[in-house]
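Below is one structure, written out as structure tokens; comments come after it.
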Amino acid sequence: MSAPLVHCIAYVRLPTGEPAASAHFASEICGLERNDTPQGDPGFRIDARFRALVFLPQPDAEASLGVELRDEAAFERAVEALRSAGIAYAIADADACAAREVRGAILTRDPSGNAIELVLGPRLTARRFFPTRDCGVVGLQGAGLRSTDLSADTRFWCDLFGASVADRVGDITYIRMDEMHHRLALYPSASAGIMNVVLEVESLDLLMQNYYFMGQRQVRVLQGPGRNVASGEAFLHLAGPEGLIITFATEMIRDGAAPRRARQFAPNPEGLCAWGSTCPDVAEFSGATPSH
């Protein structure tokens, strides 16, 4: 079985009407290192990547998810896969690539309409990630997408780019790209959008330290501490400004290279969280599909 064309989540770009509040949450609450774009948009380092989170205050900005392709051959194969499937795409010009700090990018959309940017060579830096506090963050682990068509979105990632379904909880679908249990989670929803951004922390101790830090700063915890039954990761879902959800997570299962059968879990408290935590305020995290 050939390796997937997609490798990991490279970055997340989020529109904001409150850039100061969003930047404050990312820096002072989450502990991320400020590294603004040349255009002055609030940007942040999370790991060795030059910039992994960007807030876009422009009125016409939209959320987009950057997904790293393995190499130049994968870039060409991704273009051909999109062309053969009749899916619209554009090759980013030099200015767009410079704004994203990548060597190349394919701009497209999944069947739900989420903006997906398949990128080649995200810029790294030898300078160590320097958090604003002892948050324990070690990297951008993954992201969640709202999906209005789970079947079509799953085929988009698996049939076109070689990813695979790791497990399902009800209709929630975990998409595997590398040795990690999953890099992307698809949540059934009434509308498209980026569901959450997942930051990996060093250990369970650091996750709990962040939990108590959030309590001291009166940050709303949507769910957790909890442990995902399918992936084994301990998690903490945090409510940020303008609907932003940041997830701190650790101890995700690493399945290795061997493929395995996807498991099916029930969308109930026992199937969603091994520790019994619930999330009544966010329907997608409970396995339900919200309606307008």
Side-chain angles (χ1 to χ4, degrees), residues 8-37 40-57 63 65-66 68 100-101 122-144 180 183 185 194-228 231 233-252 277 279 282 285:
C8 64
I9 305 303
Y11 58 75
V12 180
R13 292 160 61 88
L14 298 171
T16 178
E18 301 176 2
S22 297
H24 178 270
F25 187 83
S27 177
E28 302 306 315
I29 300 302
C30 297
L32 307 183
E33 180 183 357
R34 187 80 179 251
N35 187 23
D36 290 354
T37 71
D41 298 330
F44 297 88
R45 292 188 63 205
I46 299 174
D47 47 32
R49 279 165 283 201
F50 193 72
R51 191 178 298 112
L53 175 64
V54 176
F55 292 106
L56 304 169
L65 182 70
E68 185 176 354
R100 291 159 174 78
E101 302 287 351
R123 179 181 173 188
L124 305 179
T125 175
R127 183 170 57 84
R128 292 176 61 188
F129 164 58
F130 193 77
T132 59
R133 65 175 183 84
D134 186 20
C135 58
V137 171
V138 295
L140 174 60
Q141 178 175 286
M180 301 291 286
R183 293 289 185 177
I194 292 179
M195 180 74 192
N196 64 320
V197 179
V198 186
L199 309 179
E200 183 178 5
V201 296
E202 293 176 15
S203 66
L204 187 59
D205 285 348
L206 266 300
L207 185 78
M208 294 306 299
Q209 286 181 32
N210 278 290
Y211 172 66
Y212 289 112
F213 175 88
M214 299 306 163
Q216 293 165 3
R217 298 302 189 279
Q218 297 184 326
V219 175
R220 186 181 174 205
V221 175
L222 294 170
Q223 186 179 7
R227 189 176 289 278
N228 185 293
S231 70
E233 69 176 349
F235 65 86
L236 189 67
H237 295 316
L238 306 174
E242 299 182 282
L244 172 66
I245 300 175
I246 294 289
T247 300
F248 281 38
T250 190
E251 298 185 355
M252 178 181 282
S277 71
C279 189
V282 182
F285 283 148

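As a basis for the values below, the full set of heavy atoms in this structure was taken, side chains included, without hydrogen atoms, waters or symmetry mates. Treat the numbers as computed from the prediction; the structure is a model and nothing was measured.
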Minimal heavy-atom distance between Arg49 and Cys8, with the atoms involved, is NH1-SG, 4.2 Å
For the residue pair Ile46 and Gly139, what are the closest heavy atoms and their distance? CG2-C, 3.4 Å
Under 4.5 Å between any side-chain heavy atoms of Pro131 and Arg133, yes or no? no
What's the separation between atom OG1 in Thr247 and atom CE in Met195, rounded to the nearest 0.5 Å? 8.0 Å
Ile246 vs Leu199 side-chain heavy atoms within contact, under 4.5 Å: yes
Run the side-chain contact (heavy atoms from CB on, under 4.5 Å) check on Val12 and Ile194 step by step: do they pass? CA-CA 9 Å; Val12 180; Ile194 292 179; 3.6 Å; yes
Are the side chain of Gln223 and the backbone N or O of Phe285 linked by a donor-acceptor pair below 3.5 Å? no
Nearest non-hydrogen partners of Ile9 and Ala143, listed with the distance: CG1-N, 4.2 Å
Minimum-distance pair of heavy atoms, taken over all atoms of Pro15 and Ala63: CD-N, 3.3 Å
Met208 side, atom CE; Leu236 side, atom CG - distance, nearest 0.5 Å: 8.5 Å
Aromatic ring pairing Phe44/Phe55, orientation class (parallel under 30°, perpendicular over 60°, tilted between): perpendicular
With a 4.5 Å heavy-atom cut-off, do Asp41 and Asp36 have their side chains touching? no
To the nearest 0.5 Å, what is the distance between OG1 (Thr250) and CD (Glu200)? 6.0 Å
What do the steps show when you test Val219 against Phe25 for side-chain contact (heavy atoms from CB on, under 4.5 Å), and what is the final call? CA-CA 10 Å; Val219 175; Phe25 187 83; 4.0 Å; yes
pair Leu140-Val197: side-chain heavy atoms closer than 4.5 Å: yes
Scanning both residues in full, the closest heavy-atom pair of Asn35 with Arg51 reads O-NE, 2.7 Å
Sidechain N-carboxylate O distance under 4.0 Å for Arg127, Glu33: yes
Can you tell me how far SG of Cys30 sits from CG of Leu53, rounded to the nearest 0.5 angstrom? 8.5 Å
Cation-pi between Arg45 and Phe129: NZ/CZ under 6.0 Å from ring centre and within 45° of the ring axis? no
Salt bridge Glu251-Arg227, side-chain N to carboxylate O under 4.0 Å: yes
More than 12 heavy atoms of other residues, nucleotides or ligands under 6.0 Å from OH of Tyr211: is that the case? no
Report yes if the side chains of His237 and Val221 come closer than 4.5 Å at any heavy-atom pair, otherwise no. no
Looking at Asn196 and Ile245, would you say the former's side chain and the latter's main chain have a donor-acceptor pair under 3.5 Å? no
Quick one: pull up CG in Leu32 and OG in Ser27 and give me the separation to the nearest 0.5 Å. 7.5 Å
Heavy atoms of Val201 and Cys135 approach each other most closely as CG1-O, 3.9 Å
Do Leu56 and Leu14 have side-chain heavy atoms sitting under 4.5 Å apart? no
Using 0.5 Å steps for rounding, measure from the CG atom of Leu124 to the CG atom of Asp47. 8.5 Å
side-chain contact (heavy atoms from CB on, under 4.5 Å) between Tyr11 and Val54, worked out: CA-CA 8 Å; Tyr11 58 75; Val54 176; over 6 Å; no
Do Arg13 and Arg100 touch side chain to side chain, with heavy atoms closer than 4.5 Å? yes
